[in-house]
Amino acid sequence: MAEKKAVKKSTKVQFLATGRRKKAIARVFLIPNGNGEIIINKRTIDEYFPLDTLKLVARQPLALIGAENKFDVKVNVIGGGLAGQAGAICHGLARALVKADEAFKPELKKAGFLTRDARAKERKKYGLKKARKAPQFSKR
């Protein structure tokens, strides 16, 4: 008879959260007891974001609670541009931190990181060149 062998799998505790901004969607995996490494789409944050402001936006929730070197972060982000993706990562990271420790929630909520930014591109209307830009008016 075939005997079942007990297979030990190394299970790491991680917290998953989704962040959104404009058309960008970020799936954030927060791994406790890390050294502050942030991987976005299999690249480091320095390789992925060319501008320091975008890196700053993505790291804001960690900086607010003073946990830059306590968690490792892995992110899969799709859609939108780099600015929208940085905002989506910020939103997802804040949500993941709340899942990790509920004590972070009041501070993150007060800073506005848990609120989904609903601003998005307005649709184009007929008769106009863009959403609100009208063609040049000529009296004659």
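Residue numbers run from 1 in the order of the sequence given.
The closest side-chain heavy-atom distance from L97 to L62 is below 4.5 Å. R59 places a side-chain heavy atom less than 4.5 Å from the side chain of I38.
Few gaps surround NZ on K124; more than 12 heavy atoms of other groups in view lie less than 6.0 Å from it. Dense packing is recorded around NZ of K125, with more than 12 heavy atoms of other residues, nucleotides or ligands lying under 6.0 Å away.
With rounding to the nearest 0.5 angstrom, the SG atom of C90 is 9.5 Å from the CG atom of L56. The NZ atom of K42 sits 14.0 Å away from the CD atom of E47 when rounded to the nearest 0.5 Å. Note that CZ of F49 is 4.0 Å distant from CD1 of I89, once rounded to the nearest 0.5 Å. Rounding to the nearest 0.5 Å places CZ of F15 at 8.5 Å from CG of D101. Distance check: K23 NZ to I78 CD1 gives 11.5 Å after rounding to the nearest 0.5 Å. Atom-to-atom distance recorded for N33:CG and F71:CZ is 8.0 Å, nearest 0.5 angstrom.
Using a 4.5 Å cut-off between side-chain heavy atoms of Ile, Leu, Val, Met, Phe, Trp and Tyr, with links allowed through other members, F104 and I31 fall into different hydrophobic clusters. No path of Ile, Leu, Val, Met, Phe, Trp and Tyr side chains, each step under 4.5 Å between heavy atoms, connects I39 with V57, placing them in separate hydrophobic clusters. The cluster map of Ile, Leu, Val, Met, Phe, Trp and Tyr, joined by side-chain heavy atoms under 4.5 Å apart, puts I65 and F113 in the same cluster. Linking ILVMFWY side-chain heavy atoms closer than 4.5 Å, directly or via other members, places L82 and V77 in a single hydrophobic cluster.
Of all heavy-atom pairs between A100 and L30, the closest is CB-CD2, 4.1 Å. Here the closest heavy-atom approach between residue L108 and residue A94 is recorded as CD1-O, 3.6 Å. L93 approaches V28 most closely through the heavy-atom pair N-CG2, 3.8 Å. For the residue pair L128 and K133, the shortest heavy atom distance occurs at CB-O, 3.4 Å. G92 and A17 make their closest contact through O-CB, 3.4 Å (heavy atoms, listed as atom of the first residue, atom of the second, distance). Among all heavy-atom pairs drawn from G127 and P135, the shortest one is O-CD, 3.5 Å.
At distances below 3.5 Å, at least one donor-acceptor pair connects side-chain atoms of R95 with backbone N or O atoms of T18. Panel note: side chain K99, backbone L16; a donor-acceptor pair is recorded below 3.5 Å.
Applying the salt bridge (charged side-chain N to carboxylate O under 4.0 Å, His left out) test to pairs two or more places apart or on separate chains, those with a residue in residues 13-22 are R21-D117. Applying the side chain to side chain donor-acceptor pair (under 3.5 Å) definition to pairs two or more places apart or across chains, those involving residues 60-86 are Y48-Q85.
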